[in-house]
Amino acid sequence: MMLRFAFAALGLGSLLAGCDAFEQNADRPETALEFPEPDRPVSKVVSNQFSNEDARDERGEAQQVMDLANIAPGMTVADIGAGEGYYTVRLAQRVGEDGRVLAQDIDREALERLGRRVERERLENISIKLGEADDPQLPDDSFDRIFLVHMYHEVTEPYAFLWRMWPALAEGGQIIVVDVDRPTNSHGIPPALLFCEFAAVGYNLVEFVERPDLKSYFARFERGEEKSAVEAIEACNNA
């Protein structure tokens, strides 16, 4: 059964800072040092492989997520953590020739493989860009939707990452997160921690849906009235 939760009812105050950060985040990029260090372990990055695409399509994963996200022809969409392109190519088909998809990843080799796939399948509405761990490197005022599918738990600098993503949304744009309710070092993220990290930067949760059939949950965020000042961001307590 689908479950929808109001953001205000979640009582997130107890999740805010109070614990020491995990030591595994000690080697932080210099560009992220002004942001608080996240209080959570991070999963190792894994890429989407072509071999599991048929299984994902059998359960209608991409189509259902795109339906939930209201993806329509002519939209401009970013697929962050695109890997080898499971969502990228399907988003490109959905938005059509009048739409655009930007595929971004921090794995250069995965993007090279995706580039060859785009050429092979002659998908002319896809662009590819290399990102950074603490900066998605997206152009300003550009995207109706930004997809973070089964990858947000791998983001090592969530506050810098989300703060620098803010300007990339077009007016009325939304960030779509699909992930799993389990610890961040087990390739998932508890919803309350996800909500807290987004709220710390100034985003509002507008929808949350549990999808047991997809073995995932779906969350939709929009920009709030104002982005948090860097010095005002407080790290969320993973406990």
Side-chain angles (χ1 to χ4, degrees), residues 4-8 12 31-32 34-36 38 62 65-83 87-88 90-92 94-96 98-106 125-179 189 191 193-209 217-230 232-233 236:
R4 299 174 187 268
F5 297 92
F7 186 39
L12 298 178
T31 51
E34 63 181 319
F35 293 87
V65 170
M66 289 189 294
D67 288 346
L68 286 168
N70 309 119
I71 301 301
M75 280 186 166
T76 301
V77 182
D79 181 18
I80 308 301
Y87 271 87
T88 300
R90 287 156 181 79
L91 285 166
R94 176 71 73 96
V95 301
D98 293 329
R100 296 291 303 175
V101 177
L102 175 64
Q104 184 262 40
D105 207 293
I106 62 173
N125 60 346
I126 295 175
S127 301
I128 295 175
K129 186 176 182 64
L130 184 69
E132 301 290 342
D134 62 335
D135 188 348
Q137 300 279 334
L138 301 179
D140 291 353
D141 302 316
S142 296
F143 298 101
D144 301 301
R145 300 287 186 274
I146 297 176
F147 271 54
L148 310 175
V149 180
H150 296 300
M151 61 76 61
Y152 182 74
H153 56 265
E154 297 173 352
V155 176
T156 57
E157 296 289 345
Y159 306 108
F161 181 86
L162 294 174
W163 196 89
R164 291 172 175 146
M165 183 182 292
W166 181 287
L169 288 169
E171 184 175 356
Q174 299 174 334
I175 298 175
I176 304 300
V177 179
V178 177
D179 223 308
I189 182 167
L193 180 58
L194 174 75
F195 304 158
C196 184
E197 290 185 350
F198 270 76
V201 177
Y203 293 94
N204 292 332
L205 174 70
V206 295
E207 183 180 21
F208 178 75
V209 183
Y217 60 74
F218 171 97
R220 185 198 307 262
F221 297 88
E222 293 179 348
R223 289 183 297 199
E225 293 184 3
E226 187 175 1
K227 181 168 63 170
S228 300
V230 173
I233 297 174
C236 298

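Remember, predicted model here, so these are calculated numbers, not experimental data. Every heavy atom of this structure was used, including side-chain atoms; hydrogens, water molecules and symmetry mates were not.
The line from CG of L205 to CG of L194 is 8.0 Å long, rounded to the nearest 0.5 Å. From E157, atom CD reaches atom OG1 of T31 across 8.0 Å, with rounding to the nearest 0.5 Å. Atom CE of M151 sits about 11.0 Å away from atom CD1 of I189, to the nearest 0.5 Å. A distance of 11.5 Å separates CG of D134 from CG of L162, quoted to the nearest 0.5 Å. From I106, atom CD1 reaches atom CD of E132 across 8.5 Å, with rounding to the nearest 0.5 Å.
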* Yes or no on side-chain contact (heavy atoms from CB on, under 4.5 Å) for D79 and L91, after CA distance, side-chain angles and deciding distance? -> CA-CA 8 Å; D79 181 18; L91 285 166; 4.2 Å; yes
* To do: Go through the steps for Y87 and V77 under the test side-chain contact (heavy atoms from CB on, under 4.5 Å), then give the verdict.
  => CA-CA 11 Å; Y87 271 87; V77 182; over 6 Å; no
* Evaluate the salt bridge (Lys or Arg N to Asp or Glu O under 4.0 Å) criterion for residues R164 and E34: first the C-alpha distance (whole Å), next the side-chain angles of each, then the deciding distance (0.1 Å), finally the verdict. => CA-CA 13 Å; R164 291 172 175 146; E34 63 181 319; 3.7 Å; yes
* Go through the steps for N70 and R220 under the test side-chain hydrogen bond (donor to acceptor under 3.5 Å, both in side chains), then give the verdict. => CA-CA 11 Å; N70 309 119; R220 185 198 307 262; 3.2 Å; yes
* To do: Show your reasoning for whether side-chain contact (heavy atoms from CB on, under 4.5 Å) applies to H153 and D179.
  => CA-CA 8 Å; H153 56 265; D179 223 308; 2.9 Å; yes
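A 4.5 Å side-chain heavy-atom check between I80 and F161 finds at least one atom pair inside the cut-off. In this structure, T88 and I126 have side chains that are in contact, with non-hydrogen atoms separated by less than 4.5 Å. Within the 4.5 Å cutoff, the side chain of E197 has heavy atoms near those of the Y152 side chain. Side-chain atoms of P139 and L102, non-hydrogen and from C-beta on, do get closer than 4.5 Å to each other. Looking at heavy atoms from C-beta onward, L148 lies out of side-chain contact with I176 at the 4.5 angstrom threshold. The shortest distance between side-chain heavy atoms of R145 and F143 does not fall below 4.5 Å. Counting heavy atoms from C-beta on, the side chains of M165 and I175 come closer than 4.5 Å. When side chains are defined from C-beta on, R94 counts as touching D67, because their heavy atoms get closer than 4.5 Å.
When atom types are taken as modelled, the side chain of D105 and the backbone of A82 share a donor-acceptor pair closer than 3.5 angstrom. Using a distance-only test at 3.5 Å, with no hydrogens or angles considered, a donor-acceptor pair links the side chain of D144 to the main chain of T76. N125 contributes a side-chain N or O that, together with a main-chain N or O of A92, makes up a donor-acceptor pair within less than 3.5 Å. One N or O on the side chain of Q104 and one on the backbone of P136 form a donor-acceptor pair closer than 3.5 Å. Listed for the R223 side chain is no donor-acceptor partner under 3.5 Å among the backbone atoms of G202. Checked by atom type and distance alone, the side chain of S228 never pairs as donor or acceptor with a backbone atom of I233 at under 3.5 Å.
Judged as a side chain to side chain donor-acceptor pair (under 3.5 Å), and not counting sequence neighbours, the contacts of R100 are S127.
In plain terms, the two heavy atoms of A133 and V155 that are nearest each other are O-CG1, 4.2 Å. Here the closest heavy-atom approach between residue W166 and residue G224 is recorded as CH2-N, 3.5 Å. Of all non-hydrogen atoms in P191 and Y217, the two that sit nearest each other are CG-CE2, 3.8 Å. Shortest non-hydrogen contact noted between D135 and Q137 is OD1-N, 2.9 Å.
In summary, of the residues considered (F218, F195, F221), a side chain to side chain contact (heavy atoms under 4.5 Å, CB included) with F208 occurs for F195 alone.
The aromatic ring centroids of Y203 and F198 lie less than 6.0 Å from each other.
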